[in-house]
S.K.: 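To start, I am sharing the structure in question, which I have written as structure tokens.
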Amino acid sequence: MNYRISPKNGDKLSALGFGCMRFAKDEQEVEKQIIYAIENGVNYFDTAYIYPKSEAILGRVLANGYRDRVKIATKMPPYLVKKYEDLDKIFNAELERLQTDHIDYYFLHMLTDVTIWTRLVNLGILKWIEVKKRAGQIINIGFSYHGGRDEFKKLVDAYDWEFCMIQYNFLDENKQAGKEGLEYAAAKGLPVMVMEPLRGGKLVTNLPREVYQVWDQAADKRSPAEWAFRWIWNHPEVTVVLSGMNSQAMVEENISVASRAEANAFTAADLELFNQVTQILSDKIKIPCTGCNYCLPCPRGVDIPTCFSCFNDREIEGKTAALSKYIMQTSVKSQTSNASLCSKCGKCESHCPQNIKIRDELATVAKTMEGFYYKPTRFLIKRFMRL
């Protein structure tokens with residue numbers, strides 16, 4: 001495993017971090033994956049208060065003699081903090097789930113602008129952080145970010161943070177905080193953790209044929225996932241790259257790549273391949289959803305990420321395959337979750353890290369995916385499934 005040194009505190013962190021949001025359903029399998037990752041050098045595990053099951057699973061595994069070998073990163077959701085007392089309520093619940101007396105890297109989760117930070121300051125969070133750090137319960141304090149680069153810079157400057165996390169991948173080089181934000185934070189001495197390296201899998205699965213043709217031109221033959229990870233690790237400003245690993249094969253492959261990938265290793269030819277792939281994918285992806293699920297639950301039961309994923313797949317897999325997938329995943333269940341159920345309440349949009357106009361996009365999905373062929377196709381699929 002390659003390691004990168006935190007410029008803030010000297011911690012030796014594994015270049016690959018284990019993202020715990022997308023754990024596999026089989027808890028015994030998850031336990032094996034966590035232990036395998038630790039035994040093979042992964043020492044940074046990222047979870048969150050709003051992933052209660054993953055915090056509990058991680059805590060149970062680490063309690064079996066592994067806690068001192070890893071750094072735990074978890075998060076406080078600002079939108080659930082209404083008063084000062086909520087800070088302890090949430091934090092103490094996390095300590096209990098994780099079966100630990102301290103958090104190594106504690107995030108304010110999904111800050112989008114300075115206004116949210118200011119509200120927390122007015123509630124007394126500066127005092128709270130000081131108390132927790134003095135007691136040794138929080139070792140490092142930071143924030144995770146979704147938003148534009150200007151607000152990101154303002155947040156970096158708003159407090160003496162000890163780390164931060166941004167969404168970063170080759171398709172988002174100039175979106176959200178982007179490369180400019182990455183370099184700004186690094187110049188301030190902050191370790192930068194990276195999430196969504198594969199954009200919720202969109203940079204790996206069901207890619208257009210033209211993308212594979214581009215990768216085939218490379219002198220070094222690598223999988224799309226390896227290319228995507230190596231692109232991020234090529235940046236010396238990046239400290240840890242999170243991967244939401246949910247299979248043993250994925251854990252093994254990512255550890256292998258992380259053990260070989262170095263900063264500043266790409267040639268001009270390598271970078272040109274990414275320019276070509278980025279152009280192809282940018283032309284195909286219509287809705288920039290990463291499937292993070294922060295928009296859920298929908299009061300009307302709409303499965304927003306799935307609706308968007310199926311809609312985007314029209315451009316990659318074809319209209320018929322995408323429609324079949326859409327119906328299978330949203331419309332033949334006991335509780336339907338298709339786009340036309342949207343009541344336009346707007347609750348989802350306030351939680352979307354990508355700032356997607358979800359209501360408008362769901363209307364487009366409903367119009368496109370639930371047209372003339374929708375009801376008869378749904379009827380035929382239901383009948384086939386009964387048979």
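Nothing fancy with the numbering, it's 1 onward along the sequence.
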S.K.: Gln137 pairs by side-chain contact (heavy atoms from CB on, under 4.5 Å) with which of Asp101, Ile103, Leu95?
M.R.: Leu95
S.K.: Indicate if Leu108 and Leu98 have the same hydrophobic cluster label, given that clusters are the connected sets of ILVMFWY residues with side-chain heavy-atom separations under 4.5 angstrom.
M.R.: yes
S.K.: Does atom NZ of Lys344 have more than 12 heavy-atom neighbours, drawn from other residues, nucleotides or ligands, at distances under 6.0 Å?
M.R.: yes
S.K.: Flag the pair Glu39 and Arg69 as a salt bridge only when some basic side-chain nitrogen lies within less than 4.0 angstrom of an acidic carboxylate oxygen.
M.R.: yes
S.K.: Do Asp46 and Met165 have side chains that approach each other closer than 4.5 Å (heavy atoms only, starting at C-beta)?
M.R.: yes
S.K.: Is the ring centre of Tyr184 less than 6.0 Å from the ring centre of Phe152?
M.R.: no
S.K.: Let me check something: do Val257 and Leu198 share a hydrophobic cluster, defined by ILVMFWY side-chain heavy atoms less than 4.5 Å apart, either directly or through other members?
M.R.: yes
S.K.: Does the separation of the ring centres of Trp117 and Phe143 fall below 6.0 angstrom?
M.R.: no
S.K.: How about Phe107 and Trp161: are their ring centres within less than 6.0 Å of each other?
M.R.: no
S.K.: Give a yes-or-no answer on whether the side chains of Ser331 and Glu370 include a donor-acceptor pair shorter than 3.5 Å.
M.R.: no
S.K.: Between the side chains of Glu361 and Lys286, is the shortest nitrogen-to-carboxylate-oxygen separation below 4.0 Å, so that they form an ion pair?
M.R.: no
S.K.: Let me know which of Ile35, Ile255, Leu16 forms a side-chain contact (heavy atoms from CB on, under 4.5 Å) with Asn40.
M.R.: Ile255
S.K.: Parallel, tilted or perpendicular for Tyr106 and Trp128, by the 30°/60° rule?
M.R.: tilted
S.K.: Applying a strict under-4.5 Å side-chain criterion to I, L, V, M, F, W and Y, I'd like to know whether Tyr105 and Leu62 cluster together.
M.R.: no
S.K.: Would Arg260 and Glu226 pass as an ion pair if we require N to O under 4.0 Å?
M.R.: yes
S.K.: Report, as yes or no, whether the 6.0 Å neighbourhood of atom NZ on Lys153 holds more than 12 heavy atoms from other residues, nucleotides or ligands.
M.R.: yes
S.K.: Hey, does Lys179 have a side-chain heavy atom less than 4.5 Å from the side chain of Tyr168?
M.R.: yes
S.K.: Within a reach of under 6.0 Å around CD of Glu96, are more than 12 heavy atoms found that belong to other residues, nucleotides or ligands?
M.R.: no
S.K.: Check this for me, if you would: do Lys83 and Asp86 make a salt bridge, where the nitrogen-to-carboxylate-oxygen distance has to be below 4.0 angstrom?
M.R.: yes
S.K.: Before we go on, tell me: are the rings of His351 and Tyr79 under 6.0 Å apart, centre to centre?
M.R.: yes
